There are 2 protein chains.
Amino acid sequence: MTKKVTITDLAARAKVSVTTVSQILNGKAARFSSKTVEKVKQLQQEMGYVPDFNAQSLIRKSGRTIGVLVPNINNPFFSQFLRGIEAEAIKQDYVPLIFGSNNSEEQETHYLFESVRRAADGMIIASAVSDINYIDNILNQNGIPYILIDQAPVVKGDRVEANNQKGGQLLADYLIKKGHTNVVVVGAEKPTLNLQERLEGFADVYQKNGTPIADDRIITTQMTKKGGYAATAAVLAMKPTAIFAINDEVAIGLYRGIEEAGLKIPDDISIVGYDDIDLSAYIFPKLTTVHQPAFEMGSSAAQLIIKRIEDHKEPLQQVSLPVLLIDRDSVRSIG
Amino acid sequence: MTKKVTITDLAARAKVSVTTVSQILNGKAARFSSKTVEKVKQLQQEMGYVPDFNAQSLIRKSGRTIGVLVPNINNPFFSQFLRGIEAEAIKQDYVPLIFGSNNSEEQETHYLFESVRRAADGMIIASAVSDINYIDNILNQNGIPYILIDQAPVVKGDRVEANNQKGGQLLADYLIKKGHTNVVVVGAEKPTLNLQERLEGFADVYQKNGTPIADDRIITTQMTKKGGYAATAAVLAMKPTAIFAINDEVAIGLYRGIEEAGLKIPDDISIVGYDDIDLSAYIFPKLTTVHQPAFEMGSSAAQLIIKRIEDHKEPLQQVSLPVLLIDRDSVRSIG
DNA sequence: AATTGGGATTAAACCGGTTTAATGCTTTTT
DNA sequence: AAAAAGCATTAAACCGGTTTAATCCCAATT
C-alpha cells in the first residue's frame with residue numbers, strides 16, 4: 001500500500017496553500033478562480049486524496065456516530081429495528097455503534113460509558129434495565145442527546161413509541177370476543193416500561209370486562225424462546241383457555257412446550273403474541289399477534305436523534321407509530 | 001452540561017505541563033515523582049477528565065473500529081455471528097461497524113468505501129456478492145487488513161471457516177442412509193463460495209452413491225424464509241422424498257409452503273436445513289440440520305483480524321471450526 | 001572545582017485537517 | 001489621485017491530544 005495522501009501533499013503539488021485545497025474541497029470555492037478549482041479537483045482524483053476521517057472528527061468535534069443500545073441483537077424484533085436505524089443513519093452519513101446489553105445492567109453501563117468515551121453524537125436506547133435517571137445523568141453530563149424507545153423518559157425528551165397500551169387492549173378485546181376469560185399472561189421478570197404498558201392495557205380491559213386477571217396468573221420469565229419454553233409447565237398447570245405471551249419470541253417457546261405436552265394450538269389452548277416478527281407468519285399455526293413497525297421505529301428514532309444532534313434547539317418531538325392486530329390462526333372461539 | 005475538560009485544563013490546575021499529564025495517564029509514569037503522579041490522578045477524578053477519543057484516534061492513526069459486512073442482520077445465523085464479533089471486539093477495546101449489504105453489490109461497494117473513509121482498522125467480510133479481487137484491491141490499496149468468512153480468499157490471507165464441504169457430505173450421508181435418493185436441493189441464486197461448497201459436498205456423495213443429482217433438481221431462490229416459501233411449488237412439482245434447503249431460513253419457508261400444500265413433514269416429505277439457528281429446535285417438527293458455530297465463528301474472526309491489525313507480520317492463520325449434524329425430526333426413513 | 005549522571009519535568013513538533021483574519025492586487029468610486 | 005471595494009489567496013491559530021528531544025537541578029565522581 002502506498003502511503004496515505006494528505007492535504008499537504010496535494011497542496012504542494014498544486015502549488016497552493018492547504019487552506020485553498022480545504023476550501024475548495026468543502027465547496028466553499030465561490031471565491032477561487034476556476035483555474036485553481038479545476039487544478040485542485042483534478043489532482044484530488046489523480047492522487048486519490050480522501051480527507052482523514054479522524055482529523056475531521058477532531059476538529060468538527062463529531063465522528064458522526066450514534067450509539068445504539070438494544071437488549072439483544074438476536075431477537076428478530078430488534079434486528080429489524082436495527083435495520084431501520086442503519087438505513088436512516090447511513091443516508092445521513094452517520095454510522096450506528098451497535099451494542100447488545102443482554103439485559104445485564106453491568107453491560108448496559110459499560111456500553112453507555114463506551115459510547116461516551118467514543119464521543120457518540122447521540123444515542124438510541126431500547127434497553128434500560130438500569131435506572132433511567134442514572135442514564136439521563138451520564139448522558140446529560142456529557143452533552144449527548146438520546147432517545148428512549150418505548151420507554152417514557154422520566155425527563156422530557158424526544159420519543160418514539162408504538163402504543164403499547166393500545167396493543168394490549170387490542171389483544172384483550174380480541175380474546176374476550178372469542179370467549180376467553182380464563183387467561184394466563186407470560187411476562188418479563190424485569191419488565192421495561194413498554195412491557196408494563198402492554199400488560200396494563202391488557203389487564204385494564206379484562207378488569208372492565210368484570211373478569212380481572214389475578215396477580216398469580218401472571219407468570220414471569222426471560223424474554224426468549226427458551227424463557228417461553230421454560231414457563232410452559234407453570235402456565236399449563238393453571239389450565240387457561242388462552243395465553244398472552246408478552247412477545248412473539250416467548251410465544252414460540254410456548255408453542256414448543258405446548259406441543260410437547262401433547263396439546264394442540266388452538267384446539268386445546270389459544271395463544272397470542274406481540275411484535276409480529278416475520279417468523280410469526282411461518283410457524284404452525286400462524287400466530288395471532290400485534291404488529292409493531294420495527295423497521296419504521298428504527299428509522300424514526302434515527303431521524304429524530306439526528307435532528308436533535310444537529311440542532312439542539314429543535315422543538316421536542318414524539319413519534320407515535322400505529323400498532324395493529326394481526327388476526328391469524330392461534331386462537332379459537334370458545335363457547 | 002459543563003464544557004468538556006481537556007488535558008490542558010487539567011495540566012493548568014495541577015500546575016504541570018500537558019506532557020506530564022499525558023505521560024502519567026498513559027502509565028509511563030515511571031520517571032515522575034509519586035507526589036506529582038498522585039496529584040494528577042487525583043485531579044483527573046475530581047475534574048472527570050476523559051481523553052478525547054477523536055484526538056487520540058488522530059494521533060494514533062486508529063479509531064479502533066472493525067468494519068463488518070454481512071448480507072443481512074436479520075438472519076439469525078448472522079445475528080449470532082455478530083454477537084460473537086461484538087463480544088470479542090469489545091473485550092479488546094474495538095468496536096464493530098456493522099453493515100448489512102442485503103446482497104446488493106451496490107450497497108456492498110458503498111459500505112466498503114464507507115469503511116475505508118472511516119478508517120476502519122480492519123474488516124470482517126461475510127458477504128461478497130462483488131468480485132473478491134475487487135474487494136481485495138480496494139482494501140489493500142488502503143492498507144486495511146480483512147478476513148473473509150467462509151469464502152476462500154483468492155489472495156492468501158487469514159481465514160475462518162466451518163467446513164461446508166463436510167457439512168454437505170454429512171447431510172447427504174444421512175439422507176442416503178435413510179433411503180432418500182430422490183432429492184431436490186433449494187439453493188441460492190447467486191451462491192457465495194460457502195454455499196457452493198455446501199452443495200458440492202452434498203452432490204459428491206450422491207454422485208459416488210451412484211444416484212447423482214441432476215442439474216434441474218437444484219432450484220434457486222432467495223436466502224430467506226420468503227424465498228423458501230416461494231420455491232415450494234417448484235420443489236413439490238418434482239415429487240422428491242426429501243429436500244435439502246441450503247440454510248435453515250429457507251427450510252422454514254418451505255415448511256410453511258409444504259404445510260399449505262397439505263403435506264406433512266416428515267411423513268409425506270423429509271427436509272434438512274443448514275446452520276442450526278436456534279429456531280430450528282422450536283419449529284414443528286424440529287429440523288434436522290448441520291450446526292455451524294456462529295458465535296464462535298464471529299469471535300474467532302474478530303480475534304484473528306485484531307491480531308492482524310496489531311501485527312501485520314503475524315503468520316497467516318486459518319481457523320477451521322467443526323460442523324456437526326444435528327439429528328432431529330424432519331426426516332423419516334423410507335424404503 | 002569541574003565533570004558526570006540521573007531523576008523529574010517540559011518545550012516544541014506533530015497528527016491532518018478547518019477556519020478566521022489577514023494580505024496583496026486590481027478595479028471602481030469619489 | 002486617493003480611498004474604497006472586490007477578488008484570489010494564504011498565514012497562522014486551532015482542535016486535543018502524544019512523543020521526541022531537550023532542559024533543569026542536584027547528588028555523586030574524578
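A note on names: the letters A, B, ... follow the listed sequences, proteins ahead of strands, and every chain is numbered from 1. This one's a predicted model, so the numbers in the text were calculated from it and none came from an experiment.
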Does A:Q56 make a side-chain N or O approach to OP1 or OP2 of C:dT18 shorter than 4.0 Å?
yes
Please report, rounded to the nearest Å, how far the P atom of D:dG16 is from the CG atom of B:D9.
9 Å
Determine: side-chain N/O of A:R60 to OP1/OP2 of D:dC15, distance under 4.0 Å, yes or no.
no
Cut-off 3.5 Å, side chains only: do A:S22 and A:T19 have a donor facing an acceptor?
no
Can you tell if the side chain of A:F78 reaches within under 4.5 Å of the side chain of A:S127, non-hydrogen atoms only?
no
In whole Å, I'd like the distance from the NZ atom of B:K4 to the C1' atom of D:dG16.
8 Å
Between B:Q23 and C:dT9, is there a contact of a side-chain N or O with OP1 or OP2 at under 4.0 Å?
no
D:dG16 phosphate, OP1 or OP2, under 4.0 Å from B:N54 side-chain N/O
no
Aromatic A:F295 / basic A:R83 pairing, under 6.0 angstrom, 45° off normal
no
Of the candidates C:dG16, C:dG17, C:dT19, the side chain of B:K61 sits closest to C:dG16
Nearest of D:dG16, C:dT9, D:dT10 to any side-chain atom of B:L58?
D:dG16
Between B:K15 and A:S22, the residue closer to the 5' end of DNA chain C by nearest nucleotide is B:K15
With sugar-phosphate meaning primed atoms plus P, OP1 and OP2, does A:Y49 contact a base, only sugar-phosphate, or nothing at under 4.0 Å between heavy atoms?
sugar-phosphate
Take atom CZ of B:F32 and atom C1' of C:dT10, then tell me their distance rounded to the nearest Å.
8 Å
Atom-to-atom span, NZ of B:K35 to P of C:dA8 - whole angstrom:
11 Å
Roughly how many Å is it from CZ in B:F53 to P in D:dT18, rounded to a whole number?
12 Å
Whole-Å distance separating the CD1 atom of A:I7 from the C1' atom of C:dT19:
12 Å
Any chance CD of A:Q318 has more than 12 other-residue heavy atoms, nucleotides or ligands included, within less than 6.0 Å?
yes
Quick one: is D:dT9 close enough that its OP1 or OP2 comes under 4.0 Å of any side-chain N or O from A:R31?
no
Atom-pair distance (CD1 on A:I24; C1' on D:dT9), nearest Å
10 Å
A:I59 CD1 to C:dC15 P: how many Å, rounded?
16 Å
No-H, no-angle donor-acceptor pair, A:T19 side chain to D:dA11 base, under 3.5 Å:
yes
Would you please say whether a donor-acceptor pair under 3.5 Å links the side chains of B:N102 and B:S104?
no
Candidate nucleotides D:dC14, C:dT10, C:dA8, ranked by approach to the side chain of B:T20 - the nearest
C:dT10
Salt-bridge criterion met for B:D93 and A:R117 (N-O under 4.0 Å):
yes
Both A:V50 and B:V16 contact DNA chain C. Which one's nearest nucleotide lies toward the 5' end?
B:V16
For A:T6, answer base if it contacts any base atom (sugar-phosphate contacts may also be present), sugar-phosphate if it contacts only those atoms, and nothing otherwise; contact means non-hydrogen atoms under 4.0 Å.
sugar-phosphate
